[in-house]
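Remarks on the structure that follows.
All values below were derived from every heavy atom in this structure, side-chain atoms included, with hydrogens, water molecules and symmetry-related copies excluded. Note that this is a predicted model, so its numbers are computed, not measured.
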2 protein chains.
Amino acid sequence: MTGPAGYDPHAFPPFAVTVDLAVLTLREGRLHVLLVRRGEAPYQGDWALPGGFVRPDESAGAAARRELAEETGLSEATAAGLHLEQLATYSDPGRDPRMRVVSVAYTALGPGLPEPRGGGDAAHAQWLPYGTQGPLAFDHDAILTDARQRVGAKLEYTCLATAFCPPLFTLGELRGVYEAVWGVELDRPNFRRKVLSTPGFVQAVDGPPRLTGGRGKPAALYRAGGATALHPPLLRP
Amino acid sequence: MTGPAGYDPHAFPPFAVTVDLAVLTLREGRLHVLLVRRGEAPYQGDWALPGGFVRPDESAGAAARRELAEETGLSEATAAGLHLEQLATYSDPGRDPRMRVVSVAYTALGPGLPEPRGGGDAAHAQWLPYGTQGPLAFDHDAILTDARQRVGAKLEYTCLATAFCPPLFTLGELRGVYEAVWGVELDRPNFRRKVLSTPGFVQAVDGPPRLTGGRGKPAALYRAGGATALHPPLLRP
DNA sequence: ACAAAAGTGTTGTTGCTACACCCATGC
DNA sequence: GCATGGGTGTAGCAACAACACTTTTGT
């Protein structure tokens, strides 16, 4: 690892390091993204992913967690409950016209989340159904596309779907996650058998509690199991 | 995206951005890693992943490609043929004791590669069988572990295995990739059927050419097909 | 002749798909 | 009653694991 001039901090052009967040959730059965409206140039007035600068004393993961609370207008408890995962790093020179910015993108997943209320910087944060957003600022369209693709793929071979569900959920809600992200309909009986036959995917809540999703027979409740991988995977049709 | 002081380049502590490379190959049926011996403090004399600084005018991917040629001691043609893929970004404060360094890690895969010859900085680059390397400098052990895990997982549901093979290869060589990375033995007949029944995974070379891997019946040759995903996947036993 | 690796065949089991069908609830 | 969603059953098909067997080379 050879570096310029013995690491003199000011001897080479600085990089700014930021995090960008692709916050995804399900609202009324549809996949939604959390976007903020930019208040300054460039891309003033455009939608963008929430994000911000990594501070000198924190990791990118810590910065993502912090921005999740500060920038999204979600309550601290809500933000803390989200599933956070590194996506990729975007580093094209010129992706920000002002200076050299390298951005570490994260995906954050959560259950049906409330409308954000302007706590911090971004009182203009808002849920938009995925696909209805116009072109985003910077390279955020590419980031968002990558996030959706990655999440879709991970649904196949991990238990990630439970990250979209509240602590207690029905199998119908879990199936709704797959259907919303993949954009297909799944056979209910087969989905049920598949999930229940995978050890550690979900865990039945023994209590008599049940619940309704409108009308129809009340459904049994489950919580996420300990497993993280799905063997064998649940393949897209 | 709120930033410090209107982007004055020197108003905030600078981050250095580097790339680190986990270069993997197969030599004599075993997975090997390319490591360089550090000539300077810290970790002087220890093994480390090759890598280097991202320049002001290039993307991290371009820097990875460049360092692959400069730092590994592999010929330009060899380095250019490697399959390069972003792995993850490592950003813990303190991962480099000298200053704040954020590193974008890449995996590079290639067919049985020659011993590196000191072209550039690192005349001390060398192949080591995976697992025999001592503790590496910085957080490179974690990077290397992540790389192996990611590659192992991608073998299941992508055509990545062909990246470890030369342009023309036998099904035995392809099976060797899976066995080396996964550390298991696969049933030869079943592996063959599985690969041939996946459209676009491999493509038979019609010519009469055949080849031997020591002794035994000569094997037919294949080249990588156009497909990138494996449906259905080839699951680990 | 023997060992080693390629290639083909076969068989039993598993897993999945596509349904049909009953149950419990709201209107 | 009817519509809606939860839950069970089942028959047919496709995929896979395990293993036996033949072929073609080097020694």
- request: Round to the nearest Å and state the distance from A/Phe191 atom CZ to D/dG9 atom P.
  value: 19 Å

field: Under 4.0 Å protein heavy-atom contact, by nucleotide of nucleotides 18-27 of chain D - B base, S sugar-phosphate only
entry: BBB--BBBS-

- request: In whole angstrom, give the distance that lies between atom NE2 of A/His231 and atom P of C/dG15.
  value: 14 Å

- request: Can you tell me the distance, in whole Å, between the CG atom of B/Leu235 and the P atom of D/dA17?
  value: 8 Å

statement: To the nearest 0.5 Å, atom CD of A/Glu156 lies from atom OH of B/Tyr157 at 9.5 Å

message: If you go through the side-chain atoms of A/Arg188, does one of them form a donor-acceptor pair with the base of D/dG6 closer than 3.5 Å?
response: yes

message: How long is the straight-line distance from CG of B/Leu34 back to CG of B/Leu82, given to the nearest 0.5 Å?
response: 9.5 Å

- prompt: Regarding A/Arg38 and the six-membered ring of A/Trp47, is the cationic atom NZ or CZ under 6.0 Å from the ring centre and inside 45° of its axis?
  reply: no

- line: Atom CZ of A/Arg192 and atom C1' of C/dC21 are separated, to the nearest Å, by 15 Å

- prompt: Parallel, tilted or perpendicular: which fits the ring planes of A/Tyr178 and A/Trp182, with parallel below 30° and perpendicular above 60°?
  reply: perpendicular

query: Whole Å only: how far is the CD atom of A/Glu185 from the C1' atom of C/dT17?
result: 15 Å

query: To the nearest Å, how far apart are A/Leu174 CG and D/dG7 C1'?
result: 16 Å

- prompt: Atom NZ of A/Lys194 to atom P of D/dG9: distance rounded to whole Å?
  reply: 20 Å

- prompt: Going by atom types alone, do B/Tyr90 and B/Asp20 pair a side-chain donor with an acceptor below 3.5 Å?
  reply: no

- prompt: Looking at A/Gln133 and A/Leu144, what are the two nearest heavy atoms and their distance?
  reply: NE2-CD2, 3.4 Å

field: B/Leu221 CG - C/dA6 P separation (whole Å)
entry: 12 Å

